[in-house]
Amino acid sequence: MDASDELLRRACPSALLTLEGAVRGLNDAMATALDRPLERCVGRDFKDLWPASQQMPAESLVAHAARADAVAMRELEFPGRNTVPVSCLLEARQVRDPAGGRPLIWVRALDTRNDVTSLLIPFRLATAAAGLGLWMYSSQEDHLEWLGGLPALVALIPDPTAPLSRVISAVHPDDRESFRQLLRSASTRQSPWVRLRYLTQHDGWHRLAVQVRRLQLGFDGPQRTFVVVRDDTKQEKRKQKAQAALTAERQRAKDTADFSSALITAATEQELQQVVLTRLAATFGAGGAVLALVDDSRLRISTDAGIDIHEVEALHGLRLDHPTPLSEAILTSKPQFIPDRADFVRRWPHAPLLRFLRLGFDYAISITPLSEAGDRPLGAWAMLYDSGYLSPLDEQTLVGTMADLAGQALKRIRLQQARMELATALQQTMLPTLPEHLPGLEVAARYRPSRDGLDIGGDWYDAFMMPDGAIALEIGDVQGHDVDAAAFMGQVRMSMRAIAAQEPDPGTVLTRTNELLVVTAPARFASCAMLHIDPLDGRVIGTSAGHVPLLCAHADGSHEVRELPGGPVLGVLPGIEYREAIFTLDDDSALVMVTDGVVEGPGLTLEAGLERAGTLAARAVRDGLNAEETADRVLDAAIAVDHLDDVAVLVIRRA
């Protein structure tokens with residue numbers, strides 16, 4: 001399968017573009033999200049597929065990914081289904097075309113179901129910059145959440161989240177019905193401004209203007225009504241400012257708590273990058289943020305929406321020993337603060353005049369390392385502020401604490417990734433390589449380790465020729481997920497191979513394997529199914545040691561679940577005789593052997609899992625797919641839903 005096709009098989013909206021922005025390919029999810037027929041999208045300029053208001057940010061996203069070997073992120077609004085626009089976080093990065101080796105741009109919508117808050121940050125920043133405030137209204141919960149905005153407006157809202165009835169009670173009685181009607185009639189377009197009088201707790205009536213718009217937050221996400229608030233009251237009072245400061249501090253505390261929680265729960269470097277770039281500048285009131293991570297003694301740079309990636313592309317790929325403020329902060333584990341360009345030139349005279357300072361006349365930069373002195377350099381983040389900005393001591397301390405937390409999260413993620421890669425490599429070395437040619441049969445095997453933790457699994461499969469010309473096939477699952485489980489798996493598989501060389505019947509192979517294991521008294525047990533197939537006439541002899549049933553898929557699109565006779569799992573009870581069943585594998589059918597991770601999981605019963613896998617396999621056979629493609633279809637469905645256990649699939653067809 002083409003690697004580029006694999007990128008478009010993702011469930012999320014995805015597209016492959018040329019560096020010039022022409023659509024090379026896209027999946028159904030992307031075409032649906034753009035509300036355009038898929039066949040009319042290929043070859044067109046990517047930005048032209050978007051609504052007029054989104055074409056400029058879409059073009060900017062592609063341009064940034066094309067200019068630098070780095071990841072670009074932007075929030076865009078898809079036209080949406082049912083006319084409700086969908087706000088999504090899009091990522092663009094360069095990939096290689098496996099056919100020609102040319103660079104392509106892969107654009108995909110990121111999954112923000114566990115981080116809807118990140119989608120709200122651009123709205124908060126935009127309204128604050130415009131001197132406005134922002135409410136988010138949930139009709140299902142009938143409450144309004146204050147997302148923030150101009151500090152003077154924050155003073156109007158004593159509670160970040162309040163029932164609609166409480167907010168309505170503060171509106172002048174003559175204006176309440178118009179406010180309710182405005183919320184009920186919210187459409188996908190911005191409404192006209194509606195004026196109302198609003199009573200604050202401390203300084204009387206304010207004259208507000210509000211307008212609303214409905215939006216969906218992420219695919220399959222909730223629909224919310226956003227209420228933009230403008231305070232037309234000219235008089236400012238001291239109590240309002242005090243309340244504004246108090247509410248802003250409350251918002252800062254909430255943002256910091258959300259930031260910390262998101263860092264702790266980030267499971268991958270991509271998730272960590274997403275958490276930092278969507279929250280850092282907003283949490284600490286900066287104009288933009290840069291994240292620099294160290295890979296093989298070089299800097300890997302990414303930015304948020306406040307800083308264009310081409311402004312810092314000169315930093316991307318620089319060696320860590322190159323004289324830059326970022327490098328010095330990372331190597332010394334000491335924060336750096338640059339008030340202006342003159343300070344930059346004085347302190348780093350041999351460094352290039354990077355556009356990182358936007359020529360340095362209007363911005364101050366704060367850089368904080370992610371690791372402590374003596375630790376392995378991990379990276380740093382930087383925030384841009386207006387020139388003349390001075391960070392309070394308590395904020396410096398908080399920023400340092402958050403950076404330490406990000407560094408700890410990064411170390412944990414990289415350690416987990418290393419352990420997972422090692423475990424997967426060990427598991428793969430213990431799985432057999434199927435013979436390139438099994439006379440008369442087409443056999444395909446697939447294996448995917450568990451992603452719920454980092455332990456080694458005990459699933460296995462095998463296929464080999466018997467002395468009498470029959471083909472032996474087996475699949476099994478050892479109890480547990482650790483090194484001992486993998487070792488026991490290897491013991492069971494090699495024992496069955498050795499015994500099968502002397503015994504022609506699969507039932508006898510399981511019987512003798514069980515006797516051998518019971519004598520050695522292992523602390524583990526294993527389930528297993530074994531088949532002997534005569535490739536000339538399709539005669540099959542099968543038996544099972546407590547394993548999940550066999551699936552038979554037919555060319556007419558039907559399937560059946562075949563429960564093989566046999567006995568209990570291997571290695572537990574002595575004196576077991578494993579019975580056999582005999583049936584025929586037709587030319588237009590396929591046998592599918594699986595482990596329980598394919599057909600069982602949280603919320604998925606064995607019966608439902610077998611029905612799902614059988615239906616997928618039968619459709620694949622009906623559609624004329626070969627054994628390899630059929631195995632891919634069954635495996636992809638298993639890992640997309642409820643993938644908590646190892647999964648192994650073995651598909652057999654007569655050639």
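Here the closest non-hydrogen pair linking His532 and Pro506 is ND1-CD, 3.6 Å. Across every non-hydrogen atom of Leu277 and Ser302, the tightest pair is CD1-OG, 3.6 Å. Here the shortest heavy-atom pairing between Ala33 and Pro79 reads O-CD, 3.1 Å. Here the closest non-hydrogen pair linking Leu625 and Thr630 is O-OG1, 3.8 Å. In this structure, Met466 and Pro504 approach most closely via the heavy-atom pair CE-CA, 4.1 Å. Here the closest non-hydrogen pair linking Ala22 and Gly43 is CB-O, 4.3 Å.
Between Trp460 and Glu474 the shortest side-chain heavy-atom distance falls below 4.5 Å. The shortest side-chain heavy-atom distance between Val594 and Val548 falls under the 4.5 Å cut-off. Side-chain contact between Val561 and Leu551: present, with at least one pair of heavy atoms (C-beta onward) separated by less than 4.5 Å. At a threshold of 4.5 Å between non-hydrogen side-chain atoms, the residues Thr18 and Phe46 do not count as touching. Annotation: side chain of Arg74 is not in contact with side chain of Leu90 (no heavy-atom distance under 4.5 Å). When side chains are defined from C-beta on, Met496 does not count as touching Asp462, because their heavy atoms never get closer than 4.5 Å. Here the side chains of Lys47 and Val62 are not in contact, with every heavy-atom distance at 4.5 Å or above. When side chains are defined from C-beta on, Leu531 counts as touching Leu550, because their heavy atoms get closer than 4.5 Å.
Rounded to the nearest 0.5 Å, atoms CD (Glu442) and NE2 (His437) are 12.0 Å apart. The CE atom of Met30 lies 4.5 Å from the CZ atom of Phe78; values are rounded to the nearest 0.5 Å. The CG atom of Leu34 sits 9.5 Å away from atom CG of Leu76, with the distance rounded to the nearest 0.5 Å. Taken from OG1 in Thr112 to CG in Leu119, the straight-line distance is 4.0 Å, to the nearest 0.5 Å. Put simply, CD on Glu628 and CG on Asn626 are 6.5 Å apart, with the number rounded to the nearest 0.5 Å. Atom CZ of Arg562 is separated from atom CG of Leu591 by 8.0 Å, given to the nearest 0.5 angstrom.
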Using residues 566-580 as the side-chain source, report each donor-acceptor pair under 3.5 Å to any protein atom, sequence neighbours left out, with the distance given to one decimal.
{"unit_1": "Tyr578", "atom_1": "OH", "unit_2": "Pro568", "atom_2": "O", "d": "2.8"}
{"unit_1": "Glu580", "atom_1": "OE2", "unit_2": "Gly507", "atom_2": "N", "d": "2.7"}

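Residue Thr615 forms a side chain to side chain donor-acceptor pair (under 3.5 Å) with just one option from Arg619, Arg612, Glu611, and that option is Glu611. The only member of Met530, Arg497, Gln502 that meets side-chain contact (heavy atoms from CB on, under 4.5 Å) when paired with Val509 is Met530. Looking at Asp537, Asp586, Asp587, Asp588 one by one, the single match for side chain to side chain donor-acceptor pair (under 3.5 Å) with Arg654 turns out to be Asp587.
Looking at Ser558, its side chain never comes within 3.5 Å of a backbone N or O of His554 through a donor-acceptor pair. Remark: side-chain polar atoms of Asn27 are paired, donor with acceptor, to backbone N or O of Cys12 under 3.5 angstrom. Between the Glu269 side chain and the Leu410 main chain, no donor and acceptor come within less than 3.5 Å of each other. Within the 3.5 Å criterion, the main-chain N or O of Gly218 finds a donor-acceptor partner in the side chain of Gln216. Under the 3.5 Å distance criterion, the side-chain polar atoms of Gln54 are matched with a main-chain donor or acceptor of Glu77.
Summarising the local packing, CG of Asp468 is surrounded by more than 12 heavy atoms from other residues, nucleotides or ligands at distances under 6.0 Å. Sparse packing is recorded around CZ of Arg102, with 12 or fewer heavy atoms of other residues, nucleotides or ligands lying under 6.0 Å away. Shown here is Glu39, whose CD atom has more than 12 heavy atoms of other residues, nucleotides or ligands within 6.0 Å.
For residues 508-522, every residue pair satisfying the side-chain hydrogen bond (donor to acceptor under 3.5 Å, both in side chains) rule, not counting sequence neighbours, is listed here: Glu503-Arg512. Pairs passing the side-chain hydrogen bond (donor to acceptor under 3.5 Å, both in side chains) check and including a residue from residues 538-551, sequence neighbours excluded, read Ser527-His547.
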Show your reasoning for whether side-chain hydrogen bond (donor to acceptor under 3.5 Å, both in side chains) applies to Asp477 and Thr595. CA-CA 6 Å; Asp477 183 3; Thr595 54; 5.5 Å; no
Take Leu263 and Val276 through the side chain to side chain contact (heavy atoms under 4.5 Å, CB included) test and state the conclusion after the steps. CA-CA 8 Å; Leu263 287 174; Val276 172; 4.1 Å; yes
Could you walk me through whether Arg448 and Asp646 pass side chain to side chain contact (heavy atoms under 4.5 Å, CB included), step by step? CA-CA 6 Å; Arg448 188 70 61 88; Asp646 297 350; over 6 Å; no
For a side chain to side chain contact (heavy atoms under 4.5 Å, CB included) check, start with the C-alpha distance between Leu510 and Cys528, then their side-chain angles and the critical distance, and finish with the verdict. CA-CA 8 Å; Leu510 291 193; Cys528 176; 4.2 Å; yes
Does the side chain to side chain contact (heavy atoms under 4.5 Å, CB included) test come out yes or no for Leu110 and Gln270, once each step is laid out? CA-CA 10 Å; Leu110 297 177; Gln270 190 276 328; 3.4 Å; yes
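Using a 4.0 Å cut-off between charged side-chain N and carboxylate O, Asp48 and Arg36 make no salt bridge. Under the 4.0 Å criterion applied to side-chain N and carboxylate O atoms, Asp632 and Arg9 are not assigned as salt-bridge partners.
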